[in-house]
Amino acid sequence: MINVPRGTKDLLPGEVEKWQHLEELVRHLCKLYGYQEIRTPIFEHTELFARGIGETTDIVQKEMYTFEDRGGRSITLRPEGTASVVRAYLEHHLYNQPQPVKLYYIGPMFRYDRPQAGRYRQFHQFGLECLGSHDPAVDAEVICFTWDYFQRLGLKKFTIELNSIGCPICRPRYTKALKAFFEPYQDSLCSFCRERLHRNPLRVLDCKVPQCQELGKNAPVLLENLCEECQKHFSDVQSYLRVLKIPFVINPRLVRGLDYYTHTAFEVVFSELGAQASIAGGGRYNNLVEAYGGPPVPAVGVAVGIERLLLALEKSGVQLLPPKEPIIFVATAAGDSRPWLEQEAMLLLMELRNAGFRAEKDYLGRSLKAQMKSAGKIGARYVLILGEEEMAAGEVVIRDMRAGNQFSVPRENVLKTIVEMKDKEEG
RNA sequence: GUGGGUGUAGCUCAGCUGGCCAGAGCAUCAGGUUGUGGCCCUGAGGGUCGUGGGUUCGAGUCCCAUCACCCACCCCA
C-alpha cells in the first residue's frame with residue numbers, strides 16, 4: 001500500500017469545490033484590480049531561490065526541495081512565488097511593457113518542513129506582484145486587494161498588521177545600532193537570539209523568551225529611526241488605507257529577513273489558528289529585481305496561503321460549498337424491453353445535457369426500486385421514469401422527488417416540461 | 001532538526017490488568033414478491049488490529065525499532 005508522501009494530501013470531491021470557489025474569486029478580483037495571470041514552472045534553478053530568498057534564511061538553508069536532474073543541474077521545487085515572477089519579468093523583458101506590470105500567480109509551493117496544523121510540504125498560494133512603481137498607492141492597492149478578498153469571502157476576525165522595515169539607507173544604520181545595543185547583554189539573551197543577533201537582529205525583538213523581551217524594551221525602535229523618505233512612504237500608505245477604511249494595526253516587530261525587502265511589510269493574522277496564524281504576507285521589495293541583475297525596478301507583492309485560509313474560513317463558520325446543480329435522474333423500469341429502454345435513457349440523457357441540465361442514470365443494472373433509492377441518495381430533483389407501458393403509449397413519467405408526486409407527459413414534451421418546471425421554480 | 005501525543009473495517013470508535021473479541025454505529029451493496037426513493041427491518045462484502053522485530057504456551061492488548069498523522073518549538077503560507 002502506497003500512501004501520499006509526507007506533508008502532502010489528496011483533494012477529494014467535496015473539498016475541491018471549496019478550492020474552486022476560492023480560485024474563482026481570485027481570478028474575478030484580479031480582473032477587477034487589473035492583475036494578469038502568469039504561470040511559471042514549479043521548479044527552477046536552485047540558484048534563483050538561493051539568491052533571491054537569501055542564503056541565510058531557513059527556507060534556503062533547510063527547507064528547499066533540491067535535487068540534481070539527469071543533466072547534473074541543481075533544481076529546486078519552488079518554495080514561494082516571487083522569485084519566479086521576477087525571473088520571468090526579467091527574462092521576457094517585461095520592463096519594456098507599460099509600467100507597472102501587475103501579475104498574479106496561483107499554485108503549489110514546496111517546503112521541506114515538518115508538517116503540522118496549517119503547514120504542509122506541498123501547500124498552495126496565490127499571490128500578486130506589482131512591478132515598476134514606487135507609489136505607496138500600490139502598496140495600499142495590494143493590501144486593499146487582500147482585505148477585499150477576505151472580506152468578500154466572509155472571513156471574520158482577521159487582523160492586518162503593518163510595518164515599515166526601512167530601506168538600504170536607514171535599515172543598516174538601525175541594525176547596527178540595534179546590535180550595538182544588545183551586544184553588552186549578549187550573555188543574557190537566549191541561545192537563539194545570540195544567533196539571531198548576527199544573522200537577523202530585528203528578530204531578537206520578536207523573541208518570546210521573557211528575558212529577551214525585557215531586554216528589548218529599551219532597544220531603539222525601527223519606526224523612530226526611518227529615514228525621511230521611508231517615513232513619508234509609510235505614512236502615505238497608512239493614509240491611503242484610512243481613506244479606504246481598511247483597518248490595520250502597526251506591528252513594529254513585523255520583520256522581513258532580507259536586504260531586498262524595503263519599506264512596507266504586512267501580514268494578515270488569524271489568531272485562532274494557533275502557531276500558524278499567518279494567512280497572508282507581503283510587502284515591498286524594491287531591490288530584488290536589481291539583485292537579480294535587472295534594472296532597478298521597485299515592486300510590491302503579497303502571497304496568500306490557501307490551506308490556512310481554508311482553516312480560517314472554517315473557524316469563521318463560512319460555508320464555501322456552492323449550491324449543487326439540480327440533478328435529473330433517468331430511470332428505467334424492469335421488463336423484457338429494458339435493453340431498448342436503456343438506449344432511450346441514454347438518448348434522453350444527451351438531450352437533457354444538451355439543454356444544460358445535469359443528468360444521470362444508473363450504470364449498475366439496478367432494479368427500478370434500487371434506481372429510485374440511489375436517485376434519492378444523490379439528491380436528484382426529478383426522476384424521469386421510462387416504463388414499458390408508458391413508452392409504448394409514447395409517454396414518460398416525471399417524478400418530482402421533493403413533492404413526492406408524478407405524472408406522465410408525451411415523450412416529445414419531456415424537455416419542454418422540465419424547462420418549464422425549472423423556470424417556475426426559479427420564479 | 002528537537003520534544004510530546006496518537007495509529008483497530010471507507011468513516012467515528014469499543015476492545016479492563018495478554019488467552020474463541022476481531023466488534024458496534026454510520027457508509028457501501030443486496031433483499032423486504034410481481035415497475036418507484038427518502039423512515040423502518042433483514043442480510044452481505046470489507047480489517048496482515050500502521051509496519052518490522054522481540055518477550056510469551058499464547059499479543060490490538062507488554063517491550064524495541066520504524067513509518068505516518070496530530071500538537072508544540074524553530075520558521076513561515
- Query: Hey, what do you get for CG (A:Leu384) to CD (A:Glu351), rounding to the nearest 0.5 Å?
  - Reply: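 The CG atom of A:Leu384 sits 10.5 Å away from the CD atom of A:Glu351.
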(Q) So, applying ring-ring contact (aromatic ring centres under 6.0 Å, His included) with A:Tyr112, which one of A:Phe123, A:Phe67, A:Tyr120, A:Tyr65 is it? (A)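 Per the ring-ring contact (aromatic ring centres under 6.0 Å, His included) rule, the option paired with A:Tyr112 is A:Tyr65, out of A:Phe123, A:Phe67, A:Tyr120, A:Tyr65.
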Assign [X] to base, sugar-phosphate, or nothing according to its heavy-atom contacts below 4.0 angstrom with the strands shown.
{"X": "A:Glu389", "answer": "base"}
{"X": "A:Gln122", "answer": "nothing"}
{"X": "A:Ala331", "answer": "nothing"}
{"X": "A:Gly81", "answer": "nothing"}
{"X": "A:Gly118", "answer": "base"}
{"X": "A:Arg366", "answer": "sugar-phosphate"}
{"X": "A:Ile279", "answer": "sugar-phosphate"}

Atom pair distance, as rounded to whole Å: [atom1] in [X] and [atom2] in [N]:
{"X": "A:Arg114", "N": "B:rA77", "atom1": "CZ", "atom2": "P", "answer": "21 Å"}
{"X": "A:Arg6", "N": "B:rG1", "atom1": "CZ", "atom2": "P", "answer": "8 Å"}
{"X": "A:Glu388", "N": "B:rU34", "atom1": "CD", "atom2": "P", "answer": "15 Å"}
{"X": "A:Leu364", "N": "B:rU28", "atom1": "CG", "atom2": "C1'", "answer": "11 Å"}
{"X": "A:Glu342", "N": "B:rG35", "atom1": "CD", "atom2": "P", "answer": "15 Å"}
{"X": "A:Leu273", "N": "B:rA77", "atom1": "CG", "atom2": "C1'", "answer": "11 Å"}
{"X": "A:Ile328", "N": "B:rU36", "atom1": "CD1", "atom2": "P", "answer": "23 Å"}
{"X": "A:Asp10", "N": "B:rC11", "atom1": "CG", "atom2": "P", "answer": "13 Å"}

Side chains of A:Gln122 and A:Thr8, donor plus acceptor under 3.5 Å: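 On atom types as modelled, these side chains do not qualify, holding no pair under 3.5 Å.
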Q. Just checking, is any N or O donor in the side chain of A:Thr332 or A:Glu342 under 3.5 Å from an acceptor N or O on the other one?
A.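 Yes.
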Item checked: Strand-adjacent residues in residues 19-30 of chain A, judged by heavy atoms under 4.0 Å from RNA chain B ->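 Those residues: none at all.
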Pairs under 3.5 Å (Watson-Crick or G-U), crossing ones as [ ], inter-strand ones as |: RNA chain B comes out as (((((((..((((.....[...)))).(((((.......))))).....(((((..]....))))))))))))....
From C-beta outward on [X], which listed nucleotide comes closest to its side chain: [options]?
{"X": "A:Met372", "options": "B:rU36, B:rC74, B:rA77", "value": "B:rU36"}
{"X": "A:Ala117", "options": "B:rC70, B:rA77, B:rC71", "value": "B:rC71"}
{"X": "A:Arg111", "options": "B:rU36, B:rU28, B:rA77", "value": "B:rA77"}
{"X": "A:Lys373", "options": "B:rG37, B:rA77, B:rC75", "value": "B:rG37"}
{"X": "A:Ile385", "options": "B:rU36, B:rG32, B:rG1", "value": "B:rU36"}
{"X": "A:Gln116", "options": "B:rG37, B:rA77, B:rC74", "value": "B:rC74"}

Quiz item: When the nearest nucleotide of RNA chain B is assigned to A:Glu390 and to A:Val304 on a heavy-atom basis, which residue is associated with the more 5' position?
Solution: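 The residue whose closest nucleotide sits nearer the 5' end is A:Glu390.
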Given that A:Thr8 and A:Lys62 both sit by RNA chain B, which one's nearest nucleotide is further toward the 5' end?
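It is A:Thr8 whose nearest nucleotide is closer to the 5' end.
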Review point. More than 12 non-hydrogen atoms from neighbouring residues, nucleotides or ligands closer than 6.0 Å to CZ on A:Phe145, yes or no?
Key: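 Yes - once you tally the heavy atoms of other residues, nucleotides and ligands closer than 6.0 Å, there are more than 12.
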Regarding [X] and [Y], does a basic nitrogen lie under 4.0 Å from an acidic carboxylate oxygen?
{"X": "A:Lys9", "Y": "A:Glu307", "result": "no"}
{"X": "A:Glu37", "Y": "A:Arg39", "result": "yes"}
{"X": "A:Lys102", "Y": "A:Glu141", "result": "yes"}

*Under 4.0 angstrom between A:Lys9 side-chain N/O and B:rA68 OP1 or OP2*: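 For A:Lys9, the contact criterion (side-chain N or O under 4.0 Å from OP1 or OP2 of B:rA68) is not met.
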For this session: Side-chain contact test, heavy atoms from C-beta onward, threshold under 4.5 Å: evaluate it for A:Phe266 versus A:Asn163 and give yes or no.
Result: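 No. Closest side-chain heavy atoms not under 4.5 Å.
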Between A:Phe270 and A:Phe158 (judged by ring centroids, cut-off 6.0 Å), do the two rings come close enough to count as a pair?
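For A:Phe270 and A:Phe158, the ring centres are not under 6.0 Å apart.
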Ignoring hydrogens and angles, does a donor from either the side chain of A:Gln371 or the base of B:rG35 sit under 3.5 Å from an acceptor on the other?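 Side chain to base: no pair below 3.5 Å.
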Open item on the list: Taking the P atom in each of B:rG35 and B:rG31, what is the distance between them to the nearest angstrom?
Closed with: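 It comes out at 13 Å once rounded to the nearest Å.
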**Prompt:** Residues two or more places apart in sequence or in another chain: which of them pass salt bridge (Lys or Arg N to Asp or Glu O under 4.0 Å) with A:Glu395?
**Reply:**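 Scan of A:Glu395 (salt bridge (Lys or Arg N to Asp or Glu O under 4.0 Å), adjacent residues dropped) gives none.
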